[in-house]
Amino acid sequence: MTSKSSSEKVTALPFRYQFAAGAVAGISEVVERYPLDVVKTHIQLQHGVMSGNDGYSGVLDCFRKIIRHEGISRLYRGTTAPILMEVPKRLTDFFGPIYQRIFATHTMNQPLAVLTGASAGATDSFVVVPFELLKIRLQDKSSAARYNGLTECLLKVARHEGPLALYNGLEATLWRHIVRAQMPDPTRSPNLFRQKTLNDLAASFVGGVFGTTLDTPLDVVKSRIQSVAKVAGAKQKYEWAWPSLAVVAREEGFRALYKGYLAKVLRFGPDDGVLVLVYSAVLDLLASVA
């Protein structure tokens with residue numbers, strides 16, 4: 001009797017192993033991409049055109065000024081939030097197998113993929129929003145002095161703004177995920193992890209750029225909504241996604257809706273490479289001991 005090949009073992013691995021591999025790969029991806037995420041947030045929260053130490057002319061200028069004026073450690077401030085977010089995020093991966101069982105199919109067709117993506121996106125939004133709000137509060141240089149870390153930020157937001165304030169930006173996040181769900185997501189395809197080809201990575205990059213082009217305006221207003229602490233009785237400038245899009249476009253011009261776009265795009269190539277390599281390596285390791 002011949003032993004199973006590594007690829008056959010990986011294919012036969014139960015969901016819990018795939019979940020673990022996805023979580024480890026996701027955490028690795030967070031660590032690799034986080035400085036660009038900090039830069040993206042700084043640029044998105046910049047109102048209008050600013051000059052001097054407070055303004056950023058682009059991604060490299062933002063990197064330089066963060067390191068010079070805030071210290072290199074600032075590029076990883078708030079990283080605990082997205083790391084903690086990765087494990088519950090992976091729970092949304094179970095929608096595919098569930099729907100395949102419900103509809104008695106072994107293949108993921110287009111309607112099923114759309115349904116799976118929409119369900120995962122909606123669930124993901126509820127899981128992600130509190131973590132993203134805390135991340136943005138910790139990344140925002142204007143609020144850096146208010147919080148010593150993730151736990152203090154969580155407690156202060158809940159105490160001073162109410163527990164529901166942790167879901168500020170939920171509507172914008174839902175819309176962003178609805179847009180994203182219409183795009184093919186090669187990073188969630190098992191074929192990508194098995195094939196490990198340059199064609200897959202190129203397709204992922206192109207798909208990522210296309211999706212980013214559509215969802216960046218919603219990401220900008222989400223960052224604006226989540227960065228500002230709610231004050232009882234005071235009307236917020238940014239509260240709902242679509243009115244906020246109009247406010248940004250009217251006050252700062254249409255181009256302002258694409259602040260941080262380059263920083264988001266630059267993450268796709270390295271991100272997908274790290275995700276693929278780590279996911280595959282962890283699956284191979286688990287297959288060898290299963």
Side-chain angles (χ1 to χ4, degrees), residues 26-86 128-129 131-147 149-150 153 169 172-173 176 180 187 204-205 208-228 238 244-245 248 252-275:
I27 290 170
S28 302
E29 183 189 26
V30 167
V31 173
E32 176 265 329
R33 77 181 181 194
Y34 199 76
L36 275 171
D37 191 68
V38 172
V39 167
K40 180 210 73 165
T41 300
H42 274 57
I43 294 173
Q44 287 182 339
L45 297 181
Q46 178 175 262
H47 293 251
V49 178
M50 302 172 68
S51 58
N53 293 336
D54 294 326
Y56 311 113
S57 61
V59 171
L60 289 178
D61 183 55
C62 188
F63 262 118
R64 284 196 297 266
K65 286 179 177 175
I66 289 174
I67 294 170
R68 184 184 306 133
H69 302 296
E70 302 177 57
I72 194 168
S73 63
R74 185 66 63 183
L75 292 172
Y76 281 94
R77 179 175 168 83
T79 190
T80 308
I83 286 176
L84 291 175
M85 179 172 64
E86 276 303 314
V128 161
V129 169
F131 289 101
E132 287 205 339
L133 183 138
L134 296 174
K135 172 179 73 76
I136 286 174
R137 295 286 181 92
L138 291 168
Q139 288 178 343
D140 184 4
K141 65 179 180 181
S142 67
S143 63
R146 291 184 219 156
Y147 315 112
L150 181 69
C153 184
T173 303
R176 185 187 67 176
R180 192 176 291 169
T187 63
S204 179
F205 179 79
V209 170
F210 185 52
T212 297
T213 301
L214 294 179
D215 74 23
T216 292
L218 288 164
D219 194 50
V220 169
V221 298
K222 181 193 74 68
S223 295
R224 299 279 181 97
I225 291 168
Q226 292 183 322
S227 69
V228 180
Y238 307 107
S244 296
L245 288 171
V248 173
E252 303 174 49
F254 181 79
R255 289 181 62 186
L257 294 172
Y258 282 88
K259 287 184 174 182
Y261 176 79
L262 181 59
K264 284 167 66 73
V265 168
L266 287 173
R267 298 182 314 186
F268 284 110
D271 276 5
D272 291 341
V274 169
L275 198 64

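These numbers come from the heavy atoms of this one structure, side chains and all, not from hydrogens, waters or symmetry mates. Position 1 is the first residue of the sequence, and the numbers go up from there.
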Subject >> Derivation and outcome, side-chain contact (heavy atoms from CB on, under 4.5 Å), residues T216 and L257 >> reply: CA-CA 7 Å; T216 292; L257 294 172; over 6 Å; no
Subject >> Nearest heavy-atom neighbours spanning G260 and I43 >> reply: N-CG2, 3.5 Å
Original post:
Is the closest side-chain heavy-atom distance between F63 and P35 below 4.5 Å?
Top reply: yes
Original post:
Are V221 and Y238 close enough that some pair of their side-chain heavy atoms sits under 4.5 Å apart?
Top reply: no
**OP:** Keeping the roles fixed (side chain from R33, backbone from S28), state whether a donor-acceptor pair exists under 3.5 Å.
**Re:** no
Original post:
Would you say L218 and L245 make side-chain contact, with heavy atoms under 4.5 Å?
Top reply: yes
**OP:** Start with the C-alpha gap between Q44 and K264, add the side-chain angles, then the distance that decides, and say whether side-chain contact (heavy atoms from CB on, under 4.5 Å) holds.
**Re:** CA-CA 11 Å; Q44 287 182 339; K264 284 167 66 73; 4.2 Å; yes
Original post:
Is any side-chain heavy atom of T79 less than 4.5 Å from a side-chain heavy atom of V38?
Top reply: no
**OP:** Measure the NE2-NZ distance between H42 and K65 for me, rounded to the nearest 0.5 Å.
**Re:** 11.5 Å
Original post:
In Å and rounded to the nearest 0.5 Å, what is the SG to CD1 distance from C62 to I67?
Top reply: 9.5 Å
**OP:** Kindly indicate, with the supporting measurements, whether the criterion side-chain contact (heavy atoms from CB on, under 4.5 Å) is fulfilled by Y56 and K259.
**Re:** CA-CA 11 Å; Y56 311 113; K259 287 184 174 182; over 6 Å; no
Subject >> Sequence-distant partners of Y147, ring-ring contact (aromatic ring centres under 6.0 Å, His included), two or more places apart >> reply: none
Original post:
Is it true that E252 and R224 have a side-chain N and a carboxylate O under 4.0 angstrom from each other?
Top reply: yes
Original post:
Can Q139 and Y76 be said to form a side chain to side chain donor-acceptor pair (under 3.5 Å), step by step?
Top reply: CA-CA 8 Å; Q139 288 178 343; Y76 281 94; over 6 Å; no
Original post:
Can you say whether the rings of Y261 and Y258 are parallel (under 30°), tilted (30 to 60°) or perpendicular (over 60°)?
Top reply: perpendicular
**OP:** Of all the heavy-atom pairs spanning A263 and V39, show the shortest one and how long it is.
**Re:** CB-CG1, 4.4 Å
Original post:
Taking all non-hydrogen atoms of both residues, which atom of L45 and which atom of S223 are closest, and how far apart?
Top reply: CD2-O, 3.5 Å
Original post:
Do R176 and E132 meet the salt-bridge criterion of a basic N to acidic O distance under 4.0 Å?
Top reply: yes
Subject >> Atom pair CD (Q226) and OG1 (T41), whose distance is rounded to the nearest 0.5 Å >> reply: 9.5 Å
Original post:
Salt bridge between D37 and K135, side-chain N to carboxylate O under 4.0 Å?
Top reply: yes
Original post:
How far does CZ of R64 sit from OG of S57, to the nearest 0.5 angstrom?
Top reply: 7.0 Å
**OP:** Could you tell me which non-hydrogen atom of A172 sits nearest to which non-hydrogen atom of I225, and how far apart they are?
**Re:** CB-CD1, 4.4 Å
Original post:
Between V248 and H47, does a side-chain contact (heavy atoms from CB on, under 4.5 Å) hold up when you go through it step by step?
Top reply: CA-CA 9 Å; V248 173; H47 293 251; over 6 Å; no
**OP:** List for me each residue that meets side chain to side chain contact (heavy atoms under 4.5 Å, CB included) alongside S142, sequence neighbours excluded, and say none if there are none.
**Re:** D140
Original post:
Take atom CD1 in I72; do more than 12 heavy atoms of anything else shown fall under 6.0 Å from it?
Top reply: no
Subject >> Nearest-0.5 Å distance that lies between atom CG in D215 and atom OG1 in T173 >> reply: 10.5 Å
Original post:
Out of curiosity, S227 OG to L133 CG, how far, rounded to the nearest 0.5 Å?
Top reply: 9.0 Å
